[in-house]
Amino acid sequence: MDDSPKAPQHVVLVTGPSGAGRSTAINALEDFGFEAIDNIPLGLIPRLLEGPTLDRPLALGVDIRNRDFTVEGLLELQAALTCQPQISPQLLYLDAAPTVLARRYSETRRRHPLAPDSAYTEGITRELALLEQARAAADILIDTSEMSPHELRAQLAIWFAGEQAQQLAVSVESFSYKRGLPQGLDMVFDCRFLDNPHWVPELRPLTGLDTPVQTHVESDPRFAPFLQKVIDLAVFLLPACTDEGKAHLSFGFGCTGGQHRSVTVTETVARALAEQGWQVSTRHRELERRGLAAKGVATGLDERSQA
């Protein structure tokens with residue numbers, strides 16, 4: 001019989017304004033091993049937690065659609081759970097700018113829960129004002145305004161999937177400066193000083209995943225010393241981050257269009273770090289958005305056109 005004390009039950013309360021990505025977050029947490037229950041009434045949560053500790057964490061979606069939802073009730077529940085030593089609660093708040101929420105509602109053409117008979121913009125304004133205290137009390141706040149579902153999932157993985165990780169996870173991402181910096185990057189490197197394949201007609205439609213483009217970028221005499229310095233820096237930092245207890249470290253490489261130079265550098269750096277035994281994942285933001293990566297990736301939350 002195992003009499004060793006059990007770890008506290010981890011409970012993540014997931015909330016935020018309609019359209020900010022709460023359902024995406026619930027689904028991601030479920031994929032990470034959480035037992036997920038969406039749209040659960042606040043009054044049922046204490047009873048749900050009365051039994052013995054589960055063998056996996058809980059993710060509970062609560063928002064204005066719940067029949068007994070109030071911000072005061074949510075904050076009282078958060079405080080009550082915090083006082084129970086057998087429970088380790090976190091309040092996760094998914095946020096987004098009002099203009100982004102309005103755009104997402106205009107795309108789905110759904111009625112807002114707080115404005116079923118009027119413009120959805122009125123409902124968005126009311127909901128943001130209503131949830132202001134919950135936002136201020138959040139343990140984890142994630143702004144999804146500039147995130148695709150893939151990016152939100154990656155951000156959630158930093159917070160939650162890392163709990164079970166045995167090794168520091170490294171992500172390497174390419175992007176276009178025209179679209180701005182991706183959120184969540186720890187270190188960013190500008191690759192626009194390298195020779196641009198865009199000006200070679202036969203290379204323009206290709207990407208940094210193609211050998212001719214890689215060969216062209218690698219032929220720039222500045223490529224090899226730049227790459228070596230980046231890899232040396234990464235190899236120096238990664239063990240230190242591991243010692244500090246960091247679960248994830250992300251590197252970003254940008255160029256003008258996010259198609260040639262940054263992709264080539266990202267692939268090369270990721271391969272070099274993987275060869276040294278690090279757990280590495282890659283992402284090419286612009287190729288995914290434009291459908292140029294293998295099989296493509298849906299843009300989801302953020303479907304702005306590529307310039």
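Throughout, residue positions are numbered sequentially from 1 according to the sequence presented.
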Residue pair S171 / H248, side-chain donor-acceptor N/O under 3.5 Å: yes
Using a 6.0 Å cut-off, check whether atom CD of Q133 has over 12 heavy atoms from anything other than its own residue. no
Heavy-atom pair of closest approach, residues M187 and L237: SD-CD1, 3.3 Å
Is L185 reachable from I140 through a run of I, L, V, M, F, W or Y residues, each pair having side-chain heavy atoms under 4.5 Å apart? no
Residue pairs meeting ring pair (Phe, Tyr, Trp, His ring centres under 6.0 Å), one or both in residues 216-242, sequence neighbours left out, come to F193-F226
Is there a path from V170 to F175 through hydrophobic residues (I, L, V, M, F, W, Y) whose side chains come within less than 4.5 Å of each other? no
Are L287 and L181 linked, directly or through other ILVMFWY residues, by side chains that come within less than 4.5 angstrom of each other? no
Do NZ/NE/NH1/NH2 and the carboxylate oxygens of E146 and R179 come within less than 4.0 Å? no
Does the side chain of D232 come under 3.5 Å of the side chain of Q228 through a donor N or O and an acceptor N or O? yes
Do any N or O atoms from the side chain of Q279 and from the backbone of A169 form a donor-acceptor pair under 3.5 angstrom? no
More than 12 non-hydrogen atoms from neighbouring residues, nucleotides or ligands closer than 6.0 Å to CD on E132, yes or no? no
Under 3.5 Å side-chain donor-acceptor pair for S174 and H284: yes
Kindly give the heavy-atom pair with the smallest separation between D38 and G61, and that separation in Å. OD1-CA, 3.6 Å
Does the ring centre of F251 sit less than 6.0 Å away from the ring centre of F253? no
Check the pair E151, R283 against salt bridge (charged side-chain N to carboxylate O under 4.0 Å, His left out), reporting the backbone distance first and the verdict last. CA-CA 10 Å; E151 291 167 323; R283 179 165 191 251; 3.2 Å; yes
For I64 against F69, the heavy-atom pair lying closest together: CA-CD2, 3.8 Å
Looking only at heavy atoms, what is the nearest atom pair of I26 and L60, with distance? CD1-C, 4.2 Å
cation_pi(R192, Y177) dist<6.0 Å, angle<=45: yes
Going by distance alone, is a donor N or O of one side chain under 3.5 Å from an acceptor N or O of the other, for S18 and E127? yes
Polar contact flag, side-chain donor to acceptor under 3.5 angstrom, H198-Q259: no
ILVMFWY cluster, I87 and L91 together (side-chain gap under 4.5 Å): yes
D220 side chain vs V217 backbone, donor-acceptor pair below 3.5 Å: no
Any donor-acceptor pair under 3.5 Å linking the side chain of E173 with the backbone of S250? no
Hydrophobic cluster membership, with links at side-chain heavy-atom distances under 4.5 Å among I/L/V/M/F/W/Y: are L48 and L74 in one? yes
Carboxylate-amine/guanidinium contact D195 R261, below 4.0 Å: no
Between T264 and G208, which heavy-atom pair has the shortest distance, and what is it? OG1-CA, 3.4 Å
Note: T144 and A96 closest approach over all heavy atoms is OG1-CB, 3.8 Å
